[in-house]
Amino acid sequence: MKMAVASWRRCVVMSLRLLFLLPAGLPVRSQGESQSDNKQMDNITIRQGETLFLSCSQGDFVTHTAWLNRSSILYAGEDKWSVDPRVSLVTLNQDEFTIKIEDVDLTDEGQYICAVQTSRRPRTTSVHIIVQVPPKIVNLSKDLVVNEGSNVTLMCLANGKPEPAIVWRIISPSDDSLSSDNEVLEIPFISRYRAGVYECTAANDIAVDTQTVELTVNFPPSISDGRDVGVTLGQRGVLLCEADAVPEADFEWYRDDRRIFNGFDGIEIEDDGPLSKLTFFNVSEADYGNYSCVAINKLGSANTSIVLYGPGAVQDGSSGTSTVFTPTCLLLIVLLHLLLKF
């Protein structure tokens, strides 16, 4: 019995290999010179990870059957020849010969043949399996920190079948004008306004894969013009200084050429992100005057002047300068006005 099984296996291997060597449609004749039946089924398309069922009809007087993947025998009758644990026999009777392949992968793609030996002639049924693979981004630029004016290149590579299409766009802040349908997105002379979150999308007929890159653009401080502040003696006064910078600026306050530190003469300095506050809790005559705010980061600095003035001062806009007129000065102005009338 064992010799008969071994002989059958050798016969199946030789016969099926012979079938592969013959061109499609070439007649194969059995000992009785009868022509074999060769049938080509429609292609089967399946997604990676799904379960594939391969079935062929048997018919009457079947003596031997086999399923092959290219040149490898998967099953010969009830005997499993494949060592792949994903392959199993589902049905084998006079009407049907079905096997199952679980968790289909790209390596399973190709031609499969069901070979049936009847009492009269051999018969083969072949089918081509096409495995579709959802897109997967496999190489993406990491988050970047660059200086303003640099040339930036972002890369996004993806695998999939069919080959996925790549699209780049900036999503935060939203800007439809900055997009690309290439794997590489190039941004020459980047400005601070191009900083944000960039999204790469890889899509094919199966699915979509999306990943993001955060792009940080460093730039030196730019500081808003200071607004002069008028405060009555004994009241609370606050000078504000705001700067836009990446990385965030450090602030320094000066009275004339002398730097002011927190707690100096009852003055409090409080920094909160882009804003710095210089607070006088009890304004005195000596506090009135010109103050300078300096914003500094590793790329540069900027400054502005702010005037703290009292009720006797006349402001000249918000440029940080003021003119104070004393009562004696006011008397001279009045006298000059009267003389000019004569």
Side-chain angles (χ1 to χ4, degrees), residues 2 4-30 35-136 159-164 204-207:
K2 291 182 179 180
V5 171
S7 177
W8 153 240
R9 288 185 174 183
R10 287 195 297 271
C11 179
V12 169
V13 173
M14 292 178 64
S15 298
L16 294 175
R17 285 177 179 172
L18 179 60
L19 286 173
F20 278 111
L21 291 172
L22 292 172
L26 190 66
V28 180
R29 300 188 179 276
S30 64
Q35 184 175 335
S36 64
D37 295 327
N38 298 311
K39 181 181 178 182
Q40 176 69 45
M41 297 173 60
D42 293 335
N43 294 342
I44 295 178
T45 300
I46 188 170
R47 295 186 181 185
Q48 185 184 43
E50 294 183 343
T51 299
L52 173 66
F53 290 90
L54 294 175
S55 180
C56 68
S57 58
Q58 295 279 70
D60 297 332
F61 309 112
V62 173
T63 58
H64 300 93
T65 56
W67 264 110
L68 297 91
N69 175 10
R70 294 178 288 271
S71 59
S72 300
I73 300 176
L74 302 177
Y75 265 91
E78 294 182 348
D79 295 332
K80 182 178 179 180
W81 287 34
S82 172
V83 296
D84 192 335
R86 300 174 302 133
V87 181
S88 60
L89 179 65
V90 177
T91 304
L92 178 59
N93 54 42
Q94 278 193 337
D95 299 322
E96 182 184 344
F97 182 25
T98 302
I99 62 172
K100 177 174 68 174
I101 304 175
E102 298 179 280
D103 193 20
V104 169
D105 202 354
L106 194 59
T107 56
D108 297 315
E109 187 172 86
Q111 188 181 42
Y112 289 76
I113 292 181
C114 175
V116 175
Q117 178 64 53
T118 67
S119 58
R120 294 187 301 166
R121 71 181 73 181
R123 185 176 71 247
T124 63
T125 302
S126 63
V127 60
H128 191 86
I129 305 301
I130 300 172
V131 179
Q132 292 183 327
V133 181
K136 181 176 179 59
N159 292 335
K161 187 179 179 185
E163 184 177 352
N204 63 11
D205 297 338
I206 311 305

Any heavy-atom pair between the side chains of [Y] and [X] that's under 4.5 Å?
X	Y	result
V131	I46	yes
I129	L54	yes
N43	H128	yes
Q111	V127	no
F97	T125	no
P134	Q48	yes

>> Tell me the closest heavy-atom pair linking G49 and D103, and the distance in Å.
In response: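 Where G49 meets D103 most closely, the heavy atoms are CA-OD1, 3.4 Å.
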> What are the two closest non-hydrogen atoms of S57 and R123, and how far apart are they?
Replying inline: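 Here S57 and R123 meet closest at O-NH2, 3.1 Å.
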> Between the side chain of Y75 and the main-chain N/O of L89, is any donor-acceptor distance below 3.5 Å?
Replying inline: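 Yes.
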>> Donor-acceptor check, side chain of K161 to backbone of I130, threshold 3.5 angstrom: yes or no?
In response: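 Not at all, since once roles are kept as given, no pair shorter than 3.5 Å links the two residues.
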[atom2] on [Y] to [atom1] on [X], rounded to 0.5 Å:
X	Y	atom1	atom2	answer
L74	Y112	CG	OH	6.5 Å
T65	E78	OG1	CD	8.5 Å
Q117	T124	CD	OG1	11.5 Å
D205	Q132	CG	CD	6.5 Å

> By side chain to side chain donor-acceptor pair (under 3.5 Å), which residues pair with N204, not counting sequence neighbours?
Replying inline: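 So N204 forms no side chain to side chain donor-acceptor pair (under 3.5 Å) with any residue.
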> Under the side chain to side chain donor-acceptor pair (under 3.5 Å) test, which residues partner T98, sequence neighbours left out?
Replying inline: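 In terms of side chain to side chain donor-acceptor pair (under 3.5 Å), with neighbours along the sequence ignored, T98 is linked to S55, E96.
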> When you look at CD of E163, are more than 12 heavy atoms from neighbouring residues, nucleotides or ligands closer to it than 6.0 Å?
Replying inline: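 Atom CD in E163 is not crowded, with 12 or fewer foreign heavy atoms closer than 6.0 Å.
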> Are E102 and T51 close enough that a side-chain donor and a side-chain acceptor fall under 3.5 Å?
Replying inline: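 Checked: E102/T51 side chains show no N/O donor-acceptor pair below 3.5 Å.
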> In terms of side-chain geometry, is the basic nitrogen of D108 or R86 positioned less than 4.0 Å from the acidic oxygen of its partner?
Replying inline: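 Looking at D108 and R86, the cut-off is met.
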> Applying disulfide (SG to SG under 2.5 Å), which residue pairs with at least one partner in residues 99-135 are found, sequence neighbours left out?
Replying inline: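 Found C56-C114.
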> Could you go step by step and tell me if I101 and W67 meet the side-chain contact (heavy atoms from CB on, under 4.5 Å) rule?
Replying inline: CA-CA 12 Å; I101 304 175; W67 264 110; over 6 Å; no
